Each structure stands twice: as structure tokens, then as C-alpha cells.
Amino acid sequence: QAQLVESGGGLVQPGESLKLSCAVSGFTLSNYPIGWFRQVPGKEREGVSCISSFDGSTYYADSVKGRATISRDTAANTVYLQMDSLKPEDTAVYYCALQGPPIRLGACPRSASAYGYWGRGTQVTVAS
């Protein structure tokens, strides 16, 4: 059974940076795509970024393109989301998700419905 645990959230001022981590257990990270999503109360969960399993290709939502970098450490079985130049509109609970079996070699899916395993989230608040 997969377990995903996010960390690294917090309260920061506009323009500052945060690095979110997603520690994965129960599955080998390099076999499955991983996505980062965020959600604000009353709104739908929004895809932020994802990284594919086979070649590590990445996707970024337009809202974070140029400010976010997704990466993975297969030895540590951990995925990271570096967020720079944070804006108040980035305030949300950030979740990581793993697509799960069978082993996936294609591009990472952008839809939350494609992911079967989720962490509990980490709060990011951007305010002055």
C-alpha cells in the first residue's frame, strides 16, 4: 500500500520561496507518475505540476510556469516542488499524488482523477 507524506509548507511573504517534499513509501517512485495539486476551500482541486516515470518529463500549469520546478530523488523515493516568487494566489493546501499500478511509461496525467494515491496535504500561505 502506498503512503505519501507531504512536508515543507508554511507561511511566507510574497516573492519568497518554498520547497515542498513528498516522501513515497510502498511503491518505487521511478515506476509511476507523480503529480502536485492544490486546493482552496470551495474550489476544485487544481493541477500544478507532474513528472512522468520513464523519462522524467514534466508538466506545469500556466499559473506556475516559470516559478515552479518539480524534481525527484529516486534513491530517496521523494518528489519535490520548488516554488519561487510566490504570490498570494498560490495560497492553498498542496497535495502530491501517485498514479499507481500498472507501471506507467507515458506522460504524466494532468487530471486528478487519474491518480489513485494521495497524501494528506501541506498548507502554503502567502501573505504580507
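Keep in mind it's a predicted model, so treat the numbers as computed, not measured.
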Ring centre gap for F27 and Y117 strictly below 6.0 Å:
yes
Name all pairs fulfilling the salt bridge (charged side-chain N to carboxylate O under 4.0 Å, His left out) condition that reach into residues 6-25, sequence neighbours left out, sorted by first residue then second.
none
The side-chain contact (heavy atoms from CB on, under 4.5 Å) partner of L81 among C22, S21, S49 is S49
Who are the salt bridge (Lys or Arg N to Asp or Glu O under 4.0 Å) partners of R110, not counting sequence neighbours?
none
Strictly by salt bridge (charged side-chain N to carboxylate O under 4.0 Å, His left out), give each pair with a member in residues 32-43 just once, sequence neighbours left out.
R38-E46, R38-D90
Listing request: all ring pair (Phe, Tyr, Trp, His ring centres under 6.0 Å) pairs with a residue in residues 86-108, at least two apart in sequence or in separate chains.
none
Those residues that, when tested against D55, pass salt bridge (Lys or Arg N to Asp or Glu O under 4.0 Å) (two or more places apart):
none
Which heavy atom of V40 sits nearest to which heavy atom of T91, and what is that distance?
CG2-O, 3.3 Å
Side-chain heavy atoms of L18 within contact of L86, under 4.5 Å:
yes
Contacts of type side-chain contact (heavy atoms from CB on, under 4.5 Å), residue C50, not counting sequence neighbours
Y59, C108, Y115
Using only heavy-atom distances, determine whether the side chains of S52 and S57 contain a donor-acceptor pair under 3.5 Å.
yes
Hey, is the main chain of S53 close enough, under 3.5 Å, to the side chain of R72 for a donor-acceptor pair?
yes
